[in-house]
Amino acid sequence: MPPGDVAEALRVQEELRSRVDLVGPGPTAPTTVAGLDVAYAESGDRLAAAVTVLDAGTLTVVDEAVSVGRPAFGYVPGLFAFRELPALLEALDRLTVRPDLLVCDGHGLAHPRRFGLACHLGLVTGLPAIGVGKTPLVGEWDEPSPERGAWTPLRDAGEVVGRVLRTRDGVKPVFVSVGHRMSLDNAVDRVLALTPSYRLPETTRTADRLCRRALAAALA
DNA sequence: GCGACAG
DNA sequence: ATCTTGTCGC
């Protein structure tokens with residue numbers, strides 16, 4: 001059951017944050033990696049969540065699932081997870097394959113209270129998880145060198161909460177942070193392995209296409 | 001008080 | 001997130 005208001009949501013984050021595993025190095029050679037994303041109807045009252053599971057070696061889709069529903073919470077930066085979590089969890093439940101790693105569209109530790117969507121999703125499922133954001137939520141950083149693989153630390157309130165990583169030469173970097181049971185070094189390695197051709201991980205791209213398709217089909 | 005603010 | 005035209009480049 002989603003929080004009824006902001007105060008309750010904050011209490012839930014405060015309660016769960018301590019249970020996140022920030023030690024586990026996570027799988028160095030995962031067999032399968034899942035991508036999660038959500039698409040919204042322009043009216044804003046309907047959404048479609050999708051999960052795609054890719055073979056980590058070939059980056060081809062081996063399983064996928066969707067869930068159409070309503071946002072479970074208003075859009076409040078920092079409480080974003082409560083909005084998409086129910087639909088994402090339902091889609092995850094519908095998978096046939098249990099992925100070795102979750103790649104979330106949003107942040108993990110790079111969050112005001114160190115408990116972004118990737119942490120929440122990882123904790124609830126018990127799976128290793130990382131967050132890959134397209135834009136920052138918190139922190140300061142220096143611009144990484146223009147070549148793929150270059151990165152700089154993302155710092156907030158005196159601590160390193162993630163990395164600003166260049167996944168393609170000369171293209172805007174992404175924000176990588178740990179979600180659950182993953183080290184930052186491994187998270188960056190996994191993201192680079194998932195970005196042989198584009199700025200965003202293949203997992204995110206396939207999930208993005210799937211949730212858009214599912215939403216269009218649901219609205220038709 | 002003011003500006004910023006994942007998707 | 002979503003709404004949007006053209007444009008530059010491979």
Side-chain angles (χ1 to χ4, degrees), chain A residues 2-3 6 9-10 12-13 16-17 20 35-52 66-89 91 102-124 129-141 146 148 154-157 161-165 167-180 187 191 196-201 203-220:
Chain A
V6 169
L10 291 172
V12 173
Q13 288 193 331
L16 298 180
R17 54 180 296 180
V20 171
L36 306 88
D37 194 22
V38 175
Y40 293 85
E42 43 189 309
S43 53
D45 60 347
R46 300 263 291 169
L47 58 72
V51 183
T52 53
V66 301
S67 172
V68 177
R70 312 271 174 189
F73 202 81
Y75 173 63
V76 181
L79 297 179
F80 173 61
F82 296 104
R83 190 172 172 71
E84 308 189 335
L85 209 57
L88 286 171
L89 290 176
L102 262 33
V103 178
C104 308
D105 195 28
H107 302 97
L109 277 189
H111 174 278
R113 290 168 296 284
R114 309 290 179 261
F115 194 68
L117 174 65
C119 298
H120 208 141
L121 222 30
L123 182 61
V124 172
I130 62 175
V132 180
K134 297 180 286 294
T135 60
L137 172 59
V138 297
E140 309 87 47
W141 67 93
R148 165 179 157 84
L154 174 62
R155 295 193 179 79
D156 183 51
V161 297
R163 282 182 195 167
V164 181
L165 175 69
T167 55
R168 296 296 297 164
D169 289 358
V171 172
K172 187 204 298 186
V174 296
F175 298 77
V176 179
S177 60
V178 166
H180 184 58
V191 171
S197 311
Y198 298 93
R199 174 187 178 231
L200 298 178
T203 37
T204 300
R205 291 166 44 77
T206 52
D208 177 76
R209 290 189 297 244
L210 179 56
C211 65
R212 293 194 194 216
R213 252 185 289 140
L215 180 64
L219 298 178

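Proteins get letters first, then strands, A, B, ... in listed order; numbering begins at 1 in each. All values below were derived from every heavy atom in this structure, side-chain atoms included, with hydrogens, water molecules and symmetry-related copies excluded. Predicted, not measured: the structure shown is a model, and the values here were computed from it.
- In this entry the distance linking CG of A:Leu79 with C1' of B:dC5 reads 11 Å, nearest Å.
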#### Entry: Stepwise salt bridge (Lys or Arg N to Asp or Glu O under 4.0 Å) check, A:Asp105 with A:Lys134
CA-CA 8 Å; A:Asp105 195 28; A:Lys134 297 180 286 294; 3.0 Å; yes

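- Phosphate proximity of B:dG7 to A:Tyr40: absent, as no side-chain N or O sits under 4.0 Å from OP1 or OP2.
- Aromatic ring pairs are classed by plane angle as parallel below 30°, tilted from 30° to 60° and perpendicular above 60°; the pair A:Phe175 and A:His107 is perpendicular.
- Here the P atom of nucleotide B:dA6 and the CZ atom of A:Phe73 are 16 Å apart, to the nearest Å.
- No contact: A:Gly44 has no heavy atom under 4.0 Å from any strand.
- For the OP1/OP2 pair of B:dC5 and a distance below 4.0 Å, the side-chain nitrogens and oxygens of A:Thr135 include no atom meeting the criterion.
- Judged purely by atom type and a 3.5 angstrom limit, A:Gln13 uses its side chain to pair as donor or acceptor with the backbone of A:Gly78.
- Straight-line distance from the NE2 atom of A:His107 to the P atom of C:dA1: 12 Å, rounded to whole Å.
- Note on A:Pro112: nothing from the nucleic acid sits closer than 4.0 angstrom, heavy atoms only.
- Atom-to-atom distance recorded for A:Leu36:CG and A:Leu210:CG is 10.5 Å, nearest 0.5 angstrom.
- What separates CG of A:Asp169 from P of C:dG9 is a distance of 18 Å, to the nearest Å.
- Stacking here means ring centres nearer than 5.5 Å and ring planes tilted less than 30 degrees, and by that measure A:Tyr75 stacks onto B:dG7.
- Atom pair A:Leu137:CG and B:dG7:P shows a separation of 9 Å (rounding to whole Å applied).
- Distance CZ (A:Phe175) to P (B:dC5): 10 Å, rounded to an integer number of Å.
- Separating the NE2 atom of A:His111 from the P atom of B:dA6 is a distance of 11 Å, rounded to the nearest angstrom.
- In this structure, A:Lys134 reaches the B:dG7 phosphate: one of its side-chain N or O atoms is under 4.0 Å from OP1 or OP2.
- Using a 4.0 Å heavy-atom criterion, one finds that A:Leu88 contacts no nucleic acid atom at all.
- No engagement by A:Ala41 is indicated, since no non-hydrogen atom pair under 4.0 Å with the nucleic acid exists.
- Distance, A:Arg83 CZ to C:dT2 P: 11 Å, rounded to whole Å.
- One distance of note links CG of A:Leu16 with CZ of A:Arg113; it measures 12.0 Å at 0.5 Å rounding.
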